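Please see the structure below; I have some questions.
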Amino acid sequence: MDLQVPDILTMAYNQPVMQDQLGPVHEKESQIPGSVQYAIKRYPKHLQWSFDDLGMIVYHYKKEDTTQNYLELRFCVGSTSTIDVLSFRFLPVHLTQFAKPRKPETTVSDNLITFRHNTSFYKTLSLCGRTRMVLEAILNHSYSGSLENIFINGQSQMLLLYSLECMVGEKDVEGFQCKFLANEADREKIIRARELLLRHIGEPLTIRELSRKVAINECYLKKGFKELFGTTIFDFYQGQRMEHARYLLYEKGLSVTEVSVLLGYSSISHFSTAFKKHTGLKPCELLLH
């Protein structure tokens with residue numbers, strides 16, 4: 001039996017919402033195969049109605065048909081005059097990049113991203129400050145084309161990280177384990193480093209270069225990045241490069257050679273190997289749509 005998930009907009013409004021009462025005034029979506037699939041809809045806000053910002057995680061599992069498995073994040077956030085509904089759907093082929101070799105003891109989040117949790121469910125989430133900041137950035141960015149794809153893909157991974165933290169309580173979502181990250185200036189340097197990585201998708205930076213650009217010790221940079229974003233600098237950068245490659249191949253129709261050059265690879269074979277390792281697909285397979 002399929003999982004019946006209530007409409008998040010209705011839940012946020014605390015009452016049934018009729019489609020003729022709330023027609024979207026703006027819509028945007030992306031359905032790149034194997035990548036995060038997202039949709040954003042903006043609705044007019046009826047000021048006389050009660051409204052709560054809300055998040056939701058939806059885990060859909062079918063043992064008999066694994067092609068139906070997905071993990072989806074849904075959010076409903078309001079401003080003075082509008083309501084924004086955002087959804088981000090992660091398929092198994094996309095989530096495998098975050099999975100580590102199976103160990104005897106695994107966390108709830110490990111089981112979710114590897115689809116070893118054997119029952120579907122949905123759960124509402126409180127929106128922590130970090131989640132709100134990411135949602136605000138997604139809704140108000142000025143990027144377009146390739147840069148927009150890079151930006152939203154990176155931000156969606158942050159939403160996944162924060163949502164899993166909020167749900168399973170693995171960490172205090174408002175705190176940091178690294179003592180130096182309690183300093184706002186140091187956190188800003190780590191965030192700045194992440195932004196620089198995204199801006200240099202085709203021009204790889206060494207950790208030494210990155211640490212100099214943001215004026216922080218290499219060791220602190222590596223440790224702080226892992227603590228703040230839940231992944232190593234290399235894994236984050238490599239993942240973003242491959243997701244951008246997927247976009248350039250599928251959406252822009254660039255050749256494998258062109259993408260390889262744009263992303264700074266010394267040879268097509270090196271690029272193809274990295275792409276296959278990250279996505280499970282050969283680059284040429286995305287050109288056949």
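Only this structure's heavy atoms are used, side chains among them; waters, hydrogens and symmetry mates stay out. Being a predicted model, the structure only gives us computed values, none of them experimental.
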Legend entry - Leu125 side chain near Met56 side chain, heavy-atom distance below 4.5 Å: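 Not in contact.
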Legend entry - Pairwise side-chain contact, Ile113 with Leu164, heavy-atom cut-off 4.5 Å (strictly under):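 The answer is yes, as the side chains (C-beta and beyond) meet within the 4.5 Å cut-off.
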Legend entry - Electrostatic pair Arg116:Asp110 at N-O distance under 4.0 angstrom: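 So Arg116 does not pair with Asp110 through a salt bridge.
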Inset, instruction - Rounded to the nearest 0.5 Å, what's the gap from CG on Leu86 to CD on Gln155? Could you check? - result: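 Nearest 0.5 Å value for the CG-CD distance: 12.0 Å.
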Inset, instruction - With the side chain counted from C-beta on, respond yes when Val77 and Leu54 share a heavy-atom pair under 4.5 Å apart, and no when they do not. - result: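 Val77 does not reach Leu54 side chain to side chain.
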Legend entry - With Tyr237 via ring pair (Phe, Tyr, Trp, His ring centres under 6.0 Å) - residues at least two apart: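 Ring pair (Phe, Tyr, Trp, His ring centres under 6.0 Å) check on Tyr237 returns nothing, list empty.
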Inset, instruction - Dump the intermediate steps for salt bridge (Lys or Arg N to Asp or Glu O under 4.0 Å) on Glu165 and Arg130, then the final yes or no. - result: CA-CA 11 Å; Glu165 282 185 346; Arg130 292 186 297 172; 2.6 Å; yes
Inset, instruction - Let me see the working for Lys41 and Lys28 under side chain to side chain contact (heavy atoms under 4.5 Å, CB included), right down to the final yes or no. - result: CA-CA 7 Å; Lys41 294 183 178 181; Lys28 181 176 183 59; over 6 Å; no
Legend entry - Any side-chain heavy-atom pair of Leu73 and Ser87 under 4.5 Å: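 No - every pair of side-chain heavy atoms lies 4.5 Å or more apart.
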Legend entry - Distance-minimising heavy-atom pair for Cys76 and Ile83: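 Distance-wise, the nearest heavy atoms are SG-CG2, 3.6 Å.
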Inset, instruction - Please examine the side chains of Lys213 and Leu205, heavy atoms only from C-beta on, and report whether any two atoms are closer than 4.5 Å. - result: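 Side chain of Leu205 against side chain of Lys213, heavy atoms only: contact under 4.5 Å found.
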Inset, instruction - Give a yes-or-no answer on whether the side chains of Glu251 and Asn149 include a donor-acceptor pair shorter than 3.5 Å. - result: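 Result is no, nothing qualifies.
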Legend entry - Criterion side chain to side chain contact (heavy atoms under 4.5 Å, CB included) on Val134 and Tyr162, from CA distance to verdict: CA-CA 10 Å; Val134 174; Tyr162 297 155; 3.9 Å; yes
Legend entry - From NZ (Lys226) to CG (Leu221), nearest 0.5 Å: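 Going from the NZ atom of Lys226 to the CG atom of Leu221 covers 13.5 Å.
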Legend entry - Test item: Asn140 side-chain N/O and Glu136 main-chain N/O as donor-acceptor pair under 3.5 Å: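 A pair under 3.5 Å: yes.
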Inset, instruction - Sequence neighbours left out, what passes ring pair (Phe, Tyr, Trp, His ring centres under 6.0 Å) with His200? Give chain and number order. - result: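 Applying ring pair (Phe, Tyr, Trp, His ring centres under 6.0 Å) to His200 gives none.
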Inset, instruction - Check the angle between the aromatic planes of His244 and Tyr247 and answer parallel, tilted or perpendicular using the 30° and 60° thresholds. - result: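 Answer is parallel, since the angle falls under 30°.
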Legend entry - Main-chain N/O of Gly78 paired to Asp84 side chain as donor or acceptor, under 3.5 Å: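 No; zero donor-acceptor contacts below 3.5 Å.
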Inset, instruction - Report the residues that fulfil ring pair (Phe, Tyr, Trp, His ring centres under 6.0 Å) with Phe271, sequence neighbours left out, ordered by chain and then residue number. - result: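 Ring pair (Phe, Tyr, Trp, His ring centres under 6.0 Å) list for Phe271, sorted by chain: Tyr265, Phe275.
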Inset, instruction - Check whether Tyr143 and Met158 end up in the same hydrophobic cluster, where Ile, Leu, Val, Met, Phe, Trp and Tyr are linked by side-chain heavy atoms less than 4.5 Å apart. - result: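 Yes, one cluster joins them.
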Inset, instruction - Please report the shortest heavy-atom distance between Ser260 and Ser267, naming the atom on each side. - result: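 Closest approach of Ser260 to Ser267, heavy atoms only: OG-O, 3.5 Å.
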Inset, instruction - Would you confirm whether the ring centroid of Phe236 sits within less than 6.0 angstrom of the ring centroid of Phe225? - result: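 Judged by ring-centre distance (under 6.0 Å), Phe225 and Phe236 do meet the cut-off.
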Legend entry - Atom pair CG (Asp186) and CD1 (Ile191), whose distance is rounded to the nearest 0.5 Å: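 Answer for the CG-CD1 pair, Asp186 versus Ile191, is 11.0 Å.
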Legend entry - Closest heavy-atom pair and its distance - Asn69, Pro92: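 Minimum heavy-atom separation between Asn69 and Pro92: O-CD, 3.1 Å.
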Legend entry - Spatial distance of atom CG (Leu71) from atom CG (Leu95) [nearest 0.5 Å]: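 Interatomic distance, Leu71 CG to Leu95 CG, rounded to 0.5 Å: 6.0 Å.
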Legend entry - Note, Phe88 side chain near Leu160 side chain (heavy atom, < 4.5 Å):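 Heavy-atom side-chain distance check fails, nothing below 4.5 Å.
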Inset, instruction - Report yes or no: does Ser120 contribute a side-chain atom to a donor-acceptor pair with the main-chain N or O of Tyr61 at less than 3.5 Å? - result: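 Yes: the side chain of Ser120 pairs with the backbone of Tyr61.
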Inset, instruction - State plainly whether one hydrophobic cluster holds both Ile150 and Leu196, where clusters connect Ile, Leu, Val, Met, Phe, Trp and Tyr through side-chain heavy atoms under 4.5 angstrom apart. - result: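 Ile150 clusters together with Leu196.
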Legend entry - Crowding at NE2, His270 (>12 non-hydrogen neighbours, <6.0 Å):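 Not more than 12 within 6.0 Å, no.
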Legend entry - Expected output: side-chain Arg194 to main-chain Gly154 donor-acceptor under 3.5 Å: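 It does hold such a pair.
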Legend entry - Validation row: Val85, Ile40 side chains within 4.5 angstrom (heavy atoms):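 Val85 vs Ile40: side chains apart.
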Inset, instruction - If the plane angle is over 60° it's perpendicular, under 30° parallel, otherwise tilted; pick one for Tyr70 and His60. - result: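 Plane angle under 30°, so parallel.
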Legend entry - Glu27/Arg42 salt bridge by N-O under 4.0 Å criterion: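 Judged by the 4.0 Å cut-off on N to carboxylate O distance, Arg42 and Glu27 do not form a salt bridge.
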Legend entry - Backbone of Arg208 reached by a side-chain donor or acceptor of Ser211 within 3.5 Å: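 Checked: pair present.
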Inset, instruction - Taking Thr273 for its side chain and Ser269 for its backbone only, find out whether a donor-acceptor pair lies under 3.5 Å. - result: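 Yes; judged by distance alone, with no hydrogens or angles, the pair exists.
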Inset, instruction - With rounding to the nearest 0.5 Å, note down the distance linking CD in Gln240 to CG in Leu263. - result: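 One gets 11.5 Å once the value is rounded to the nearest 0.5 Å.
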Legend entry - Reference residue Arg89; test side chain to side chain donor-acceptor pair (under 3.5 Å); the match among Glu72, His94, Gln37: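 Exactly one candidate clears the test, Glu72.
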Legend entry - Pair Asn118-Asn111, side chain to side chain contact (heavy atoms under 4.5 Å, CB included): steps then yes or no: CA-CA 9 Å; Asn118 59 13; Asn111 289 331; over 6 Å; no
Inset, instruction - Output yes when a side-chain donor or acceptor of Thr131 lies under 3.5 Å from a complementary backbone atom of Leu127, and no otherwise. - result: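 No; judged by distance alone, with no hydrogens or angles, the pair does not exist.
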Inset, instruction - For the pair Glu243 and Val36, evaluate side chain to side chain contact (heavy atoms under 4.5 Å, CB included) and give the outcome as yes or no after the intermediate values. - result: CA-CA 9 Å; Glu243 286 305 312; Val36 60; 5.9 Å; no
Legend entry - Beyond-backbone contact of Leu159 with Phe75, side-chain heavy atoms, under 4.5 angstrom: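 Leu159 reaches Phe75 side chain to side chain.
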Legend entry - Centroid-centroid distance, Phe115 to Tyr59, less than 6.0 Å: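 Centroid distance Phe115-Tyr59: below 6.0 Å, so yes.
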Legend entry - Backbone N/O of Asp65 and side chain of Gln68: donor-acceptor pair under 3.5 Å: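 Absent.
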